[in-house]
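Reckoned from all heavy atoms, side chains included, excluding hydrogens, waters and symmetry mates. Ligands are counted one by one from 1 in listed order, and the atoms in each one are counted from 1 as well.
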Amino acid sequence: MKISVIGTGYVGTVSAACFAELGHEVICVDIEPLKIDMLNRGVPPIYEDGLSELLEKHVGKNLSATSDYDFAINNSEVSFICVGTPSNQDGKIDLAIVKAASASIGKSLRKKKGYHVIVVKSTVVPETTEKGVLPIIENQSGKKLGEFGIAMNPEFLREGKAVHDFMHPDKIVVGSLDKRSGDIVASLYSGINCEVTRTNPRTAEMIKYVNNAFLATKISFSNEVGNICKELGIDTYEVMKAVGKDFRIGPHFLNSGAGFGGSCFPKDVKALIGKAHDVGYEPTLLRSVMAVNEIQPLRMITLLKNKLPDLKGKKIAVLGLAFKNDTDDIRESRSIPVIKELIEEGAQVCAYDKMAIESMKRIFPDIEYCNSAIDVLRGSDACLIMTEWGEFKSLDKEFNVMKNRLVIDGRHMQSPRKDVDYVGLCW
Ligand code: UGA
């Protein structure tokens, strides 16, 4: 089929490349000329494993990019809205970009003959597709639902593994108001071996939020258990490994540590809290999930100060800045509140991350950055491990260059050691 994908962030670009791989003809649309130019040269605007190979294979054949909405809508049968949905000041979802994209699609649809399906893939709170996107498209196009179709098709892609997750999903959810548009969207995935769950749009929107909120809950739950275990001298990893053997619980996402970050979990849990509040429900559990996640990174500082009560002038090495390994993304990274606190305590902060230094320089331009773990450890009074980068598992002799061999590990990278004062955050 012919598909247009609006927005070339990680969801849009990955979806476009993967739909092209499935044999569809895909046009990417973005208002940023730089991104259009990069895509048309086969250069990914973001880093995702396997993405550049797909672009190389399909750009110039069945994948292209433009900033011309009229061209894209006219030359496609289905349009996916994949634009960003940031949080506003009070944590609620900001739908301005989704609405602007909907208006642009609607305007182009006015000039188009024939049926067209608009699919919301951006993560939006329940009712947005029906009460936000649909009326804008009707208004701008001068057409009524039925003359065009509308659907909601959430994504469950992990950053860094998005191409793999798109091609090997555990679920595909298609929410539509009518059978015709739902059938068209479901058919786009016929090359993938996965059952399609069909719902209405608001249920599809809710499934996405509940998915992320549940995973975030598992992490905060594990962190709370880890904090209790720490006080009792119990290894929480041993506990959760056994607990995860219960098929009703499962072994994944039970790793306690410095908390969850990223562009999705914090934002989506807050947006669900905001929506619940709007409809008159007080989401006590979800608020606690966020509260544990705020406290968790600061426990790193508490453990550090138990050993080094006065941080003034002390050189503290921060290992890991990204919100998780294998990405340069620092959004909501748990290293941010930790560095802030270290600066407030008067520490001299020195940081290393394999990919995220440039991103972090925008938030903390004045701290010191090093290009390797050994450089950051050299002469330091203590080290905090904030991100689960694989290379931190094998750090060994590198600790010898520290002035004081004290390590607070927020990601369970190593077991306690004899040669280093090695303190686990939750174990
Ligand atoms: C998350 C979801 O996993 C995806 O399914 C979803 O599509 C995506 O959000 C989204 O809404 O777009 P992502 O943000 O890439 O994906 O990150 P995850 O790999 O899920 O990790 C999130 C955070 O949880 C990281 O900071 C990680 O360090 C932390 N984490 C993860 C833990 O602290 N413990 C765990 O056991 C697992």
Inset, instruction - Consider ligand 1: state whether an atom of it lies below 4.0 angstrom from any non-hydrogen atom of Gly261. - result: yes

Legend entry - Carboxylate-amine/guanidinium proximity below 4.0 Å for Asp165 and Arg158: yes

Inset, instruction - Just need the protein heavy atom nearest to atom 8 (C) of ligand 1, so name the residue and atom and give the distance. - result: Leu157 O, 3.4 Å

Inset, instruction - Please report which non-hydrogen protein atom sits nearest to atom 10 (C) of ligand 1, along with the residue it belongs to and the distance in Å to one decimal place. - result: Cys264 SG, 2.9 Å

Inset, instruction - May I ask you to identify, for Asn212, whether its side chain, its backbone, both or neither come under 4.0 Å of ligand 1 on a heavy-atom basis? - result: side chain

Legend entry - Glu155, Arg158, Lys161: member with heavy atom nearest to atom 16 (O) of ligand 1: Arg158

Legend entry - Option of least heavy-atom distance to atom 23 (C) of ligand 1 (set: Tyr209, Phe253, Phe260): Phe260

Legend entry - Contact with ligand 1 for Ala162, non-hydrogen, under 4.0 angstrom: no

Inset, instruction - Kindly compute the distance separating CG (Asp329) from CD (Glu159), expressed to the nearest 0.5 Å. - result: 4.0 Å

Legend entry - Atoms in ligand 1 with a heavy atom of Gly259 nearer than 4.0 Å: 33 (O)

Inset, instruction - Among all protein heavy atoms, pick out the one at the shortest distance from atom 36 (O) of ligand 1; state its residue, atom name and that distance to 0.1 Å. - result: Asn255 N, 3.0 Å

Legend entry - Nearest-neighbour protein heavy atom for atom 28 (O) of ligand 1, which is reported as residue plus atom name and distance: Glu388 OE2, 2.7 Å

Legend entry - Part of Arg334 with heavy atoms under 4.0 Å of ligand 1, whether side chain, backbone, both or neither: neither

Legend entry - For atom 17 (O) of ligand 1, the protein heavy atom that lies nearest, with its residue and separation: Lys324 NZ, 3.4 Å

Inset, instruction - Examine ligand 1 and decide if any of its atoms is less than 4.0 Å from a heavy atom belonging to Glu332. - result: no

Legend entry - Those atoms of ligand 1 less than 4.0 Å from some heavy atom in Lys208: 6 (C), 7 (O), 10 (C), 11 (O), 12 (O)

Inset, instruction - Report, as yes or no, whether the 6.0 Å neighbourhood of atom CZ on Phe221 holds more than 12 heavy atoms from other residues, nucleotides or ligands. - result: no

Legend entry - Between His58 and Glu21: side-chain donor-acceptor atoms closer than 3.5 Å: yes

Legend entry - Sub-4.5 Å side-chain heavy-atom contact between Phe323 and Thr387: no

Legend entry - Lys218 and ligand 1 - part of the residue with a heavy-atom distance under 4.0 Å: neither

Inset, instruction - Can you establish whether the number of heavy atoms outside Lys354 located under 6.0 Å from its atom NZ is more than 12? - result: no

Legend entry - For Asp268, the ligand 1 atoms whose distance to one of its heavy atoms is below 4.0 Å: 11 (O)

Inset, instruction - Answer yes or no: are there more than 12 heavy-atom neighbours, outside Glu398 itself, under 6.0 Å from its atom CD? - result: yes

Legend entry - Protein heavy-atom partner closest to atom 30 (N) of ligand 1 - residue, atom, separation in Å: Ile219 CD1, 3.4 Å

Inset, instruction - Examine ligand 1 and decide if any of its atoms is less than 4.0 Å from a heavy atom belonging to Leu254. - result: yes

Legend entry - Nearest non-hydrogen partners of Leu157 and Tyr10, listed with the distance: O-OH, 2.7 Å

Legend entry - Glu159 neighbourhood, listing ligand 1 atoms whose heavy-atom distance to it stays under 4.0 Å: 15 (O)

Inset, instruction - Could you find the nearest protein heavy atom to atom 22 (C) of ligand 1 and give me its residue, atom name and distance? - result: Phe265 CE1, 3.5 Å

Inset, instruction - Kindly state whether the ring of Phe214 and the ring of Phe253 have centres lying under 6.0 angstrom apart. - result: no

Inset, instruction - Check the pair Glu48 / Lys161 against salt bridge (charged side-chain N to carboxylate O under 4.0 Å, His left out), numbers first and verdict last. - result: CA-CA 7 Å; Glu48 269 299 331; Lys161 299 193 170 72; over 6 Å; no

Legend entry - Euclidean distance, Ser263 OG relative to Ile330 CD1, rounded to 0.5 Å: 12.0 Å

Legend entry - side-chain contact (heavy atoms from CB on, under 4.5 Å) between Glu341 and Glu344, worked out: CA-CA 5 Å; Glu341 193 61 25; Glu344 260 169 46; 4.1 Å; yes

Inset, instruction - Return a yes/no value for Phe323: is any of its N or O atoms, backbone included, closer than 3.5 angstrom to an N or O of ligand 1? - result: yes

Inset, instruction - Applying ring pair (Phe, Tyr, Trp, His ring centres under 6.0 Å) between His412 and each of Tyr237, Tyr422, Phe392, report the one that passes. - result: Tyr237

Inset, instruction - List the closest protein heavy-atom neighbour of atom 5 (O) of ligand 1: residue, atom name, distance to the nearest 0.1 Å. - result: Phe156 O, 3.2 Å

